[in-house]
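Read the numbers this way: they start at 1 and go in the same order the structure lists the ligands and their atoms.
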Amino acid sequence: MTVPEIRRIGVVGLGAMGAGIAQLAIEAGYETVGREISEDLGRRAHDRIAHFLQRKVDKERMAADECEAALGRLETTTELEAFADCDLVIEAIVEDLGAKLELFRALEQIVRPEAVLATNTSALSVTEIAAAVSTPERVVGMHFFNPAPLMPLVEIVRAELSSAEAVEAAFGVGERMGKRPIRCHDTPGFVVNRVLIPLLNDCIRVLDEARVSPEDLDTAMTAGAGWPMGPCTLVDLVGIDVHVHASEALYEKLREPRMAPPARIVAMRNAGLLGRKSGRGFYAYD
Ligand code: 3HC
């Protein structure tokens with residue numbers, strides 16, 4: 001397949017990850033359209049992006065006119081039809097295979113056939129998502145890390161039927177966004193989550209085993225292992241629900257006991273203690 005030069009990027013879902021990806025896209029100079037299910041959610045994402053860009057201006061890491069120009073490249077919409085002239089569409093919706101399949105089926109009707117379709121899934125199979133469309137060669141994974149504007153890595157995932165052109169186009173976009181992209185195949189958890197999810201689950205099990213508080217566990221891993229943030233702070237940032245889902249998805253595929261989510265965080269997820277986004281997880285947030 002011949003992939004067009006990537007000029008216009010669509011982002012589906014403007015939650016923490018999608019808004020971060022849209023921010024990266026406009027900062028890299030791409031015309032960007034982000035889709036949310038309501039105008040209110042779209043406005044909130046726009047405000048969030050504007051806030052983080054303004055912080056860069058305040059800290060003299062970005063000129064005021066660059067900030068204005070970047071925001072000028074951002075459009076939000078509630079309509080998938082706005083992706084019709086995109087060269088790359090990045091999906092960052094809920095981690096639910098059924099929802100993603102439905103979305104990709106709808107995108108196939110709208111986005112032109114040579115455009116690349118990417119998923120930011122954490123732990124689902126890109127190959128399974130690509131099965132929703134009749135042109136799976138244009139589907140790849142672009143897995144960003146939370147917070148997307150700050151974390152340098154993006155995993156460029158080659159699914160079973162991805163074309164080399166689609167993979168390289170996504171890699172090039174990652175580079176232009178200032179990331180350090182890596183190429184990998186579509187295996188459960190790709191590279192980082194394959195290692196990080198069981199490790200975080202071990203950390204959570206240690207809370208009960210060693211009868212240590214979340215604060216002390218975080219101190220242990222930052223002061224004793226050099227982590228930039230402690231595991232409880234990190235799981236709160238990622239979202240308890242996202243972490244439980246990723247653990248379940250990995251466990252289902254690889255059956256390693258350390259991948260299964262510890263009972264403690266399953267209960268937290270069920271109780272709505274989702275971390276920063278709900279105001280309460282291991283810690284309380286304003
Ligand atoms: N979006 C955009 N900009 C943001 C942001 C966000 N979500 N959060 C913070 N910023 C900006 C802010 O403007 C902030 O400055 P301000 O406080 O003056 O306004 C600026 O970035 C710097 O923020 P911090 O001072 O908090 O930066 P730190 O130097 O403390 O580093 C960190 C923060 C990079 C997040 C660091 O703590 C870190 O590396 N933590 C580990 C994160 C990690 O491991 N992420 C991976 C999670 S796993 C995952 O995502 C996979 C998924 O599939 C589950």
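- Per-atom contact check: atom 26 (O) of ligand 1 does not touch the protein, criterion being a heavy-atom distance below 4.0 Å.
- Between the side chains of Ser162 and Glu137, not a single donor N or O lies within less than 3.5 Å of an accepting N or O.
- For atom 39 (O) of ligand 1, the choice among His143, Met151, Met229 with the nearest heavy atom turns out to be Met151.
- No part of His51 comes within 4.0 Å of ligand 1, judged by heavy-atom distances.
- For Leu250 against Asn193, the heavy-atom pair with the smallest separation is CD1-O, 3.5 Å.
- In this structure a side-chain-to-backbone donor-acceptor pair under 3.5 Å is missing from Glu215 to Leu217.
- Under 4.0 Å from ligand 1, not a single heavy atom of Leu237 appears.
- In summary, the side chains of Thr78 and Glu39 do not present any donor paired with an acceptor at a separation below 3.5 Å, with no hydrogens or angles considered.
- The atoms of ligand 1 that sit less than 4.0 Å from any heavy atom of Leu196 are 48 (S).
- Distance from atom 54 (C) of ligand 1 to its nearest protein heavy atom, with residue and atom name: Val238 CG1, 3.6 Å.
- If you look at Val192 next to ligand 1, there are no close heavy atoms at all, none under 4.0 Å.
- Here the shortest heavy-atom distance to atom 45 (N) of ligand 1, taken over Asn120, Leu153, Asn146, belongs to Asn146.
- Among all non-hydrogen protein atoms, the one lying nearest atom 7 (N) of ligand 1 is Pro147 CB, 3.3 Å.
- Of all protein heavy atoms, the one closest to atom 36 (C) of ligand 1 is Pro228 CB, 4.1 Å.
- Annotation: Gln23 places no N or O atom under 3.5 Å from an N or O atom of ligand 1; distance criterion only.
- Pairing each heavy atom of Ser278 with each of Gly272, the nearest pair is OG-O, 3.3 Å.
- Taking the ring centre of Tyr283 as origin, the terminal cationic atom of Arg280 falls outside the region bounded by 6.0 Å and 45° from the ring axis.
- What sits closest to atom 49 (C) of ligand 1 on the protein, heavy atoms only, is Phe145 CD2, 3.6 Å.
- At least one heavy atom of Lys59 sits closer than 4.0 Å to an atom of ligand 1.
- Among all non-hydrogen protein atoms, the one lying nearest atom 19 (O) of ligand 1 is Arg55 NE, 2.7 Å.
- In this structure, atom 33 (C) of ligand 1 lies nearest to the protein heavy atom Leu150 CD1, 4.0 Å.
- Judged by distance alone, the side chains of Asp96 and His245 never bring a donor and an acceptor atom under 3.5 Å apart.
- In terms of heavy atoms, Gln23 sits closest to Phe52 at OE1-CB, 3.7 Å.
- In the vicinity of Ser122, heavy-atom distances shorter than 4.0 Å reach the ligand 1 atoms 52 (C), 53 (O), 54 (C).
- Contact annotation for atom 30 (O) of ligand 1: protein absent (non-hydrogen atoms, distance under 4.0 Å).
- The protein atom (non-hydrogen) at minimum distance from atom 44 (O) of ligand 1 is Leu234 CD1, 3.5 Å.
- At a 4.0 Å heavy-atom cut-off, ligand 1 touches Phe52 through the side chain alone.
- Atom 17 (O) of ligand 1 lies below 4.0 Å from none of the non-hydrogen atoms of the protein.
- Considering all non-hydrogen atoms of both residues, Gly275 and Ile240 come closest at N-CG1, 3.8 Å.
- Contact between Arg48 and ligand 1 is present, with at least one heavy atom of the residue lying under 4.0 Å from the ligand.
- Atom CG of Leu117 is separated from atom CD of Glu91 by 10.0 Å, given to the nearest 0.5 angstrom.
- For the pair Arg176 and Tyr30, the cation-pi criterion (under 6.0 Å, within 45° of the ring axis) is fulfilled.
- The minimum heavy-atom distance linking Pro181 with Ile156 is given by the pair CB-CG1, 4.0 Å.
- Salt bridge status for Lys277 with Asp236: absent, with no side-chain N to carboxylate O gap under 4.0 Å.
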